[in-house]
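Counting convention: from 1, in listed order, for ligands and their atoms alike. Remember, it's a predicted structure, so these values are computed and weren't measured experimentally.
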Amino acid sequence: MKLISGPLSLYTAKVRIALREKGVPCDLWSVPFCRATGYDPKPADVLRLHPKGQVPILVDGELVVYDSTQILEYLEERNPEPPLYPSGVTERARCREVEAYPDEVFFPKVFALVQEVFYKADPAAHDADRIAEAQRVIGEDYDRFERRLAGREWFCPTFSVADIAVFMSINYASTLGCPPPEKHRSLAAWLARTAKRPSVAEEMRQISADAARVFGGETLPEGPRAL
Ligand SMILES: N[C@@H](CCC(=O)N[C@@H](CS)C(=O)NCC(=O)O)C(=O)O
């Protein structure tokens with residue numbers, strides 16, 4: 001199995017964490033990435049295999065699966081143990097809803113910070129009003145995550161793809177200067193708990209190292225990487 005992987009891609013990070021949790025061997029092929037042009041120019045395989053030219057893409061023999069959520073579903077069916085979805089139709093539906101929220105609703109708000117803070121290297125070029133508005137709407141979602149957790153250990157009865165997706169999105173918002181407020185005690189405890197999982201700790205280690213290189217002006221090269 002091969003994962004075409006974005007080094008700083010939060011969507012790919014979800015898949016990398018799931019692969020580690022499940023102990024599934026997988027070759028990683030990292031696409032190039034830099035601060036000036038992001039994912040451009042894209043490798044030919046990405047353009048050929050994904051209709052939107054995005055990562056992650058999972059290739060398993062003849063099968064190509066794209067979109068992080070679809071890949072997580074595929075991995076769960078291919079390698080059910082340990083499960084990353086709860087059992088029972090209702091809990092699974094709840095899990096899918098929590099997993100989808102950061103990708104579909106929360107991260108688009110964070111993306112304003114990506115465009116302002118990450119892609120504009122000169123702080124003088126940052127649009128302060130846009131950043132403030134992004135921080136306001138992100139704060140509303142932090143309230144929502146806190147209410148949803150309400151002191152529970154995980155978003156679902158057991159650690160799941162919901163925790164992975166929410167954690168990665170919050171990590172990006174935090175890195176871009178908008179961490180959850182201290183008043184959200186459930187969220188803080190859950191973040192610390194999640195960060196301690198070896199699968200997540202390894203992801204954070206790799207992403208921090210890659211981010212430091214990219215902020216230093218390097219282009220992360222295309223090629224094989226260790227999971
Ligand atoms: N819904 C997709 C989103 C994938 C996505 O937006 N990938 C980004 C990297 S994080 C990408 O490839 N961006 C390049 C582009 O859209 O041109 C998923 O969950 O996989």
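Between the side chain of Asp27 and the backbone N or O of Pro224 there is no donor-acceptor pair closer than 3.5 Å. Arg92 places a side-chain N or O within 3.5 Å of a backbone atom of Pro86 that can act as its donor or acceptor partner.
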When you pair each N or O of ligand 1 with protein N or O atoms, which pairs come out under 3.5 Å?
residue	atom	partner	partner atom	Å
ligand 1	1 (N)	Asp67	OD2	2.9
ligand 1	7 (N)	Val55	O	2.8
ligand 1	12 (O)	Val55	N	3.0
ligand 1	16 (O)	Gln54	NE2	2.9
ligand 1	17 (O)	Lys42	NZ	2.4
ligand 1	19 (O)	Ser68	N	3.2
ligand 1	19 (O)	Ser68	OG	2.6
ligand 1	20 (O)	Ser68	N	2.8

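Shown here is Glu140, whose CD atom has more than 12 heavy atoms of other residues, nucleotides or ligands within 6.0 Å.
With Trp154 as the aromatic partner, Arg197 meets the cation-pi criteria of under 6.0 angstrom to the ring centre and within 45 degrees of the ring axis.
Relative orientation of the Phe106 and Tyr142 rings is tilted, given thresholds of 30° and 60° on the angle between their planes.
Legend: residues meeting ring pair (Phe, Tyr, Trp, His ring centres under 6.0 Å) with Tyr85, ordered by chain and number and at least two apart, are absent.
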